[in-house]
2 protein chains.
Amino acid sequence: MTTPAARRLRADAEHNTARILAAAEEVLAADPAASLERIGEAAGLTRATVHRRFASRQALLDALTEQLNQRYLSALAQSKVGNPPPLVAFRRLTEIVFDLKVSHRYAMDLVSAQDNCRSALSPEVAAGLEEIFAQLRESGEITATSPAWCRQVYLALLNEVHELPDDTTDLVEAGRSRAELVVRAVVGALGGPRRHP
Amino acid sequence: MTTPAARRLRADAEHNTARILAAAEEVLAADPAASLERIGEAAGLTRATVHRRFASRQALLDALTEQLNQRYLSALAQSKVGNPPPLVAFRRLTEIVFDLKVSHRYAMDLVSAQDNCRSALSPEVAAGLEEIFAQLRESGEITATSPAWCRQVYLALLNEVHELPDDTTDLVEAGRSRAELVVRAVVGALGGPRRHP
DNA sequence: CCTAACTGATACACACCTGTCGCACTTACC
DNA sequence: GGTAAGTGCGACAGGTGTGTATCAGTTAGG
């Protein structure tokens, strides 16, 4: 419903909707309470045009979350090409999603922030993540069983690594990328080498 | 500066400031954009009175963060009585802070949400946490070295456990409290039994 | 090239929040 | 019990964001 698509938009109009979404992501990441005026300005458009593409502020936000869910799905698909071992797939996914975190910070916060015990994460994405963690568990990488717990820990640590200051002493220690740091932390948090006898 | 204290308030007035703070926590936790009117209403007071106690909305928010920082300090002190081993102190701290998370959810989000790479967490609290993690590292419980990383991972996982749905399958598995779950996850994430050779 | 689609500009109505008064009334506290 | 402090009520001014509408000008696309 976010994209009525009753009739196809003209090419430039469709291009502008993309610019609005990009501008919204950029502006709202800096200030979640930014007005539609500032978003339009950042997109090089007028507030009126923003309203023409998105009936309300909420509609714009919904479009942002939908866009992010699409990229999530794409990331999940990409991580599974070639049927790699679970840990490799997980690492691939983390690298892609980490880039998403950089370019879609606000949308990710929006999706994670549930209003009433309800996450905006699409069921398909949730299922994809659940599958990843199920495979990690089957191959003995983790021991945690609750899909919700695995998912939340993953997204939370991803978030923290992204907001980590630039004195990356821990990264130097590990000598790897930030994605690798996330993978290790998540695996550790979810019971890597099971420690309770 | 949050509490001018030029002259002591009358007893009932001071009592009302506490009610305002409590109401603010409750209302803002449900809706971070709630108006001062609704906060006053929840406190059984008028908006005018809220303005009398707190010059501006920002002043009220500052008072909330200051209050939370005080409770943080208290929690840190409580966790260290009797000079327990680091892991025990850490577990105690987690239990207390977990209760804080329940009763001061909005304030904790407020403190964690840095506006410009700047956390509202008081330096004293940050130092206290750093000390805890330093002791955990010295006793071999964790391997991570960056204080910021440890702190962020800790608060993030605490947050996720709190927002965990009620189907606590993982808790049943562990057979322990939620605080115990946090402790294990944090220790695991921060390199419990060091895994890289 | 010509029409339909799209945009910019502007204005309006509406709603909400903030901050500040002033005044009558109630309450705490010496 | 009397005084000063505190509160409720109402009102006002100022600001900001939202959503809608109109109209003239520009651009895409058959």
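Naming: A, B, ... by sequence-line order, numbering from 1 per chain.
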Is the base of D/dG8 touched by the side chain of B/Arg52 through a donor-acceptor pair closer than 3.5 angstrom? yes
May I ask you to say what B/Arg57 touches in the nucleic acid, namely base, sugar-phosphate or nothing, with a heavy-atom cut-off under 4.0 Å? sugar-phosphate
Residues that A/Arg38 engages under salt bridge (charged side-chain N to carboxylate O under 4.0 Å, His left out), provided they are two or more places apart: A/Asp31
Hey, is the side chain of B/Asn16 poking within less than 4.0 Å of OP1 or OP2 on D/dT7, counting only N and O atoms? yes
Parallel, tilted or perpendicular, as decided by the 30° and 60° cut-offs, for the rings of B/Phe90 and B/Tyr154: tilted
Of B/Asp12 and B/Leu36, the one whose closest DNA chain C nucleotide lies more 5': B/Leu36
Could you list the donor-acceptor pairs under 3.5 angstrom formed by side chains in residues 20-29 of chain B, with sequence neighbours left out?
| from | atom 1 | to | atom 2 | distance (Å) |
| --- | --- | --- | --- | --- |
| B/Glu25 | OE1 | B/Ala107 | N | 3.1 |
| B/Glu25 | OE2 | B/Arg105 | N | 3.0 |
| B/Glu25 | OE2 | B/Tyr106 | N | 2.8 |

On DNA chain D, more 5' by nearest nucleotide between A/Ser35 and A/Ala55 is A/Ser35
Assign A/Gly44 to base, sugar-phosphate, or nothing according to its heavy-atom contacts below 4.0 angstrom with the strands shown. sugar-phosphate
Could you walk me through whether B/Ser122 and B/Glu124 pass the side-chain hydrogen bond (donor to acceptor under 3.5 Å, both in side chains) check? CA-CA 5 Å; B/Ser122 84; B/Glu124 292 84 1; 3.3 Å; yes
Quick one: is A/Thr49 getting a side-chain N or O under 4.0 Å of the C/dG8 phosphate, OP1 or OP2? yes
Starting at the 5' end of DNA chain C and moving along, which residue's nearest nucleotide shows up first, B/Gln58 or A/Glu14? A/Glu14
